[in-house]
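Input: a single structure, listed below in structure tokens.
First the proteins, then the strands, lettered A, B, ... as listed; each starts at 1.
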Amino acid sequence: VSRRRSLPERAGERGVTLKLGRRSFADTDRLVMAIVNRTPDSFFDRGATYAADAAMERVHQVVAEGADLVDIGGVKAAPGDEVDVAEELRRTVPFVAEVRAAYPDLVISVDTWRHEVAAAVCDAGADVLNDAWGGYDERLAEVAASHGAALVCTHAGGVTPRTRPHRIGYGDVVADVIAVTTALAERAVSLGVSRDSVLIDPGHDFGKNTWHSLELTRRLGELAATGWPVLVSTSNKDFVGESLDLPVTERHNGTLATVAVCSWLGAQVYRVHAVRESRQVLDMVSTIRGHRIPARLQRGMA
Amino acid sequence: VLTGALVCPHPPLLLPGLTGATDLAPDLRAACLDGIRALAAARPDLLIVVGGAEQAGTWDAGLPRGAARFSAGRVPDRPAGGASAAGTGKAGGPVPGEGRVLPLSLAVGQELLDEAGWPGPRQLHSVAADTPPAGCFALGERLARSADRAALLVLGDGSARRGLKAPGYLDDRAFGYDERARRGLAGDLAALRSLDPELGRDLLAAGRAAWQVLAGAAAGGPPPHPVVRYEGDPFGVYYLVVSWEFRAATAH
């Protein structure tokens with residue numbers, strides 16, 4: 001069956017191009033970032049891909065399922081056993097090199113807040129630094145600049161890495177998220193990170209209760225309107241679980257709902273566990289939106 | 001006098017972009033384009049395009065094809081095809097941009113002609129789908145007499161009731177009807193003239209009237225030499241692509 005590449009409807013609200021590693025993306029593209037944990041204790045997979053071979057198997061799988069990026073993490077987000085720099089390096093650096101060797105064009109992100117780790121993984125081939133703890137280590141953005149890496153600027157409510165929110169309140173959580181993330185983004189650019197390689201992440205659950213995360217999701221369009229590409233990380237998180245009163249293992253459908261809504265409102269990158277399903281949801285939303293043409297129409301056309 | 005004729009179906013899927021990222025019927029499209037090139041090879045002075053529609057009439061070649069009506073406006077028409085469409089609108093015809101669009105059959109014909117790079121002038125005629133056979137024959141005879149060396153492109157397809165998944169569901173009578181049409185278009189003019197309008201309507205056979213215009217146009221002339229370029233019902237609708245060559249005309 002021949003493919004026709006006609007009618008790419010670039011409604012292009014901004015037409016900005018996002019550059020990650022060797023790849024460029026239009027603002028209407030929707031990217032799946034697959035979570036690959038090299039941790040023994042992350043909340044969802046509970047160590048399933050801690051071993052290097054299991055993690056590599058996960059990479060093969062998510063690439064086959066349509067992931068645009070992988071996000072490699074060596075330290076679980078929640079409190080738990082101490083992971084020092086040396087141990088985080090041991091978990092991430094050789095693995096990044098291995099993934100880079102296997103997939104020269106795959107966009108590789110590493111989830112870390114430590115500049116020492118950031119520098120080492122960039123040297124090993126990482127393209128993106130996912131600073132999920134919101135600029136806790138001020139030197140991380142400098143590393144992104146000096147290594148030509150992209151940077152994710154996250155709102156984490158000013159908390160210390162690996163702590164849970166305790167009685168956190170905001171006058172207007174969306175305003176705070178926009179102020180903090182865009183300031184981090186501008187700072188990164190001023191330090192030399194390429195403007196088209198900076199993303200902002202509202203940081204669902206990070207330094208927030210469920211009301212806050214729901215409000216951010218509801219008003220995600222305000223973040224997109226800043227012009228910075230928005231990354232969302234909602235997969236199986238507590239705000240989904242608390243909304244539905246479901247344990248970690250049963251938050252899949254709720255997660256997909258967040259993906260659909262965020263996509264409609266303009267988020268561009270989706271950090272998820274379930275790649276195939278997220279890809280389908282994003283493709284469907286983009287098709288409804290008119291940013292993607294349907295794959296194959298027959299109904300009524302014969 | 002006819003230099004040749006070509007019969008093609010006219011499903012919306014032959015208009016570009018309507019089927020999304022996939023061309024559903026590249027082989028059907030290719031057969032139509034080959035047929036058009038064969039028509040052009042006989043060097044006619046004029047191309048007459050005939051297709052079924054709600055009403056009879058002549059149509060300006062510059063009118064939009066109207067892919068928008070099948071796509072909620074999401075698929076634009078291909079820009080009107082260069083010299084061919086822009087330069088050959090009939091003088092005094094309706095002005096494009098007044099909301100008129102070509103009937104589907106003629107729109108598909110125009111699209112195929114553009115894709116094949118048809119260089120010469122075109123005349124577009126519709127025949128009302130409920131026209132009795134005698135009226136179709138008369139129109140055909142008149143069109144054949146209207147030009148010294150004309151080629152005829154006839155847009156028409158068979159029953160849409162050839163299976164449980166067909167647009168019109170299954171009607172067993174569809175097969176006999178389409179077989180009669182196939183024989184007719186393969187050169188049996190009597191079979192072509194005998195296609196029943198009522199049954200054709202019941203079977204959602206959109207091509208009956210246009211096919212019988214062809215029967216009229218060929219009447220009294222040299223016998224056609226048919227080449228069947230495509231036959232099939234991939235979506236439950238019967239499609240035929242057939243070229244007719246006329247020895248007397250091509251021997252010029």
For chain A, find which of P12(B), P9(B), P11(B) contributes the most heavy-atom pairs closer than 4.5 angstrom. P12(B)
Crowded around E179(B) CD? As in, over 12 foreign heavy atoms under 6.0 Å? yes
I need the minimum non-hydrogen distance between T22(B) and A295(A), along with the two atoms involved. OG1-O, 2.7 Å
On a heavy-atom basis, which atom in R289(A) and which in R74(B) lie closest, and how many Å separate them? O-NH2, 3.9 Å
Between CD on residue Q298(A) and CG on residue L18(B), distance to nearest 0.5 Å: 13.5 Å
Residues A302(A) and F235(B): closest non-hydrogen pair is CB-CB, 3.4 Å
Inter-residue atom distance L297(A).CG - L24(B).CG, 0.5 Å rounding: 8.0 Å
